[in-house]
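As the structure is a computational prediction, the values presented were derived from the model and not from experiment. Counting convention: from 1, in listed order, for ligands and their atoms alike. We count residues from 1, following the sequence as given.
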Amino acid sequence: MKWQGDKDRILIKDLKSIIDSSATIRGRVTEIRDLGGISFIIVVDRSGLCQLVIDSRQKLPVLQSIVACTGRITANEKAPTGIEMYVEDLEVVSSPEKELPFNPARLNTPIRSDGPNIETLFNYRGLSLRSATHQSIVKLTSELLRAIDDFFRSRDFVEIKTSKIVGGGTEGGSGLFEVKYFERVAYLAQSPQLYKQTLAATPLERVFEIGPAFRAEKHATIRHINEFTSIDVEMAFPQGMDELMDIQEDLIKHCIAHLSSTCQDTIGILETELPKIDGDIPRLDLDQAKEIVTGVKPTRSKPAQDLTPEEEHKICQWALQHHNSEAVFVHSFPVSKRPFYTMRQENPRKTQSFDLILRGLEISSGSIRVHDPKLLKANLEKQGLNIESLSSYLEVFQFACPPHGGFGIGLERLLQKLLNLPNIRYACLFPRDRNRIEP
Ligand code: ATP
């Protein structure tokens with residue numbers, strides 16, 4: 001039969017208001033149970049699911065078919081949603097022409113590290129995304145993006161989109177993907193760092209961008225991917241790095257509150273809980289944090305350098321135990337561990353920089369930036385970076401620039417930790433890693 005359009009379609013969620021009448025729904029077949037004389041078929045659309053009751057002698061559709069079904073709607077408290085349709089007419093609009101490698105309905109369980117094979121899930125991403133579990137992550141991501149957008153707009157930040165094809169890197173020379181750009185080589189942007197600083201130097205003062213960032217790093221971990229979505233923020237005239245941490249703290253709390261009021265059903269499907277942050281997120285100097293997790297006090301001659309992944313876990317356990325917070329800020333990283341644009345402290349070996357660690361994983365980095373062009377040049381020279389290639393960036397500062405600072409949060413890492421997902425890839429629609437470029 002030919003596709004007749006969907007004028008007569010009713011969404012499944014609206015069926016409860018027309019019990020005992022006839023209706024047509026359109027959607028996908030996700031389960032079939034043949035009980036001999038009759039069969040139960042589950043059909044889903046964007047609004048919910050409906051149980052169909054159908055005579056088994058009829059030719060039944062196969063799993064994952066797209067169907068249009070007309071029938072009488074009746075109440076039945078034993079049906080999964082309390083109503084069902086007695087099918088009078090069932091049209092198969094489209095049915096699979098290839099054997100399914102798995103039944104997406106079998107994925108409707110919370111995501112666990114010992115769950116279905118992750119490679120199979122992503123090899124057949126079009127199918128795994130048909131499961132309620134994976135769709136719930138997509139919906140929740142959409143709500144998270146709305147919360148982030150609302151938050152920044154309500155604080156005078158302007159949303160920007162900057163170019164992802166660039167002439168050089170900002171986060172260190174390695175880790176750049178090369179692309180052929182007419183007669184020369186260009187790179188995929190590792191971060192919008194230089195552009196967001198350029199915008200913060202205009203009278204707009206406050207900008208944010210949500211966009212892709214590319215890192216050609218040969219990681220094979222549960223927290224790294226080669227293309228991630230970066231939530232980048234930059235503002236002029238911050239009251240020191242504490243104001244930047246205040247904004248980030250408010251943002252995280254706003255996101256958790258928004259998700260817990262809008263996404264209870266999706267959180268329920270994932271059988272997870274959003275992080276607990278009662279009161280303030282603790283803020284620790286790196287040396288303090290190191291002493292807490294190792295029991296050894298760093299000294300002037302042997303200062304702390306960074307936290308290992310295990311230490312990030314431990315410091316979060318400490319924060320939960322002592323501050324009822326599953327998040328903790330660690331700040332004042334040494335100069336050697338931060339990019340050339342990071343402002344130093346009065347103690348010139350330390351920078352005005354910070355990381356936010358959530359449930360044992362660094363989800364963001366931020367700092368006050370250098371706005372003095374002479375200092376910037378000196379830093380570039382010290383780090384052996386090419387001043388020529390950054391000349392248009394340096395001009396921003398040579399033409400006068402306000403003090404400024406900002407931070408970047410990885411969207412997928414934030415989601416991974418908000419939902420307690422065992423691998424960052426579950427927080428991506430189509431992850432890119434060293435071994436995966438398709439689908
Ligand atoms: P890491 O040390 O964990 O590799 P990084 O210090 O290189 O991260 P930054 O350059 O400071 O990360 O980037 C800021 C944020 O961007 C990180 O806190 C993280 O949330 C996200 N991010 C960076 N690299 C990746 C990646 N390869 N995959 C996913 N997210 C990333």
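The atoms of ligand 1 that sit less than 4.0 Å from any heavy atom of Arg223 are 28 (N), 29 (C). Interface atoms of ligand 1 facing Ser365, defined by a heavy-atom separation under 4.0 Å, are 11 (O). If you number the atoms of ligand 1 from 1 as listed, the ones under 4.0 Å from a heavy atom of Ile424 come out as 29 (C). Heavy-atom contacts of Ser364 reach the following atoms of ligand 1: 18 (O) (cutoff under 4.0 Å).
Side-chain N/O atoms of Gln197 and His404 include a donor and acceptor closer than 3.5 Å.
Considering backbone and side-chain atoms together, Ile363 places an N or O closer than 3.5 Å to an N or O of ligand 1. Considering both main-chain and side-chain atoms, Gly410 comes within under 3.5 Å of ligand 1 through a nitrogen or oxygen pair. The distance criterion of under 3.5 Å between nitrogen or oxygen atoms is not met by His219 with respect to ligand 1.
Taking CD of Glu326 as the reference point, atom CD1 of Ile277 lies at 7.5 Å (rounded to 0.5 Å).
Here the closest non-hydrogen pair linking His371 and Pro403 is ND1-CA, 3.6 Å. When all heavy atoms are compared, the tightest approach of Ala427 to Leu415 is CB-CB, 3.8 Å.
Contacts with ligand 1 closer than 4.0 Å are made by heavy atoms of both the backbone and the side chain of His224. Neither the backbone nor the side chain of Asp355 has any atom closer than 4.0 Å to an atom of ligand 1 (non-hydrogen atoms only). At a 4.0 Å heavy-atom cut-off, ligand 1 touches Ile225 through backbone and side chain alike.
Residues Arg436 and Asn123 have side chains in contact (heavy-atom distance under 4.5 Å, counting atoms from C-beta outward).
Phe333 carries Arg338 over the face of its six-membered ring, with the cationic atom under 6.0 Å from the centre and within 45° of the normal.
For Lys377, the NZ atom counts as loosely surrounded, since its 6.0 Å shell holds 12 or fewer non-hydrogen atoms of other residues, nucleotides or ligands.
A side chain to side chain donor-acceptor pair (under 3.5 Å) with Asp287 is found for exactly one of Lys350, Lys297, Arg300, namely Lys350.
Heavy-atom separations between Glu412 and ligand 1 are all 4.0 Å or longer.
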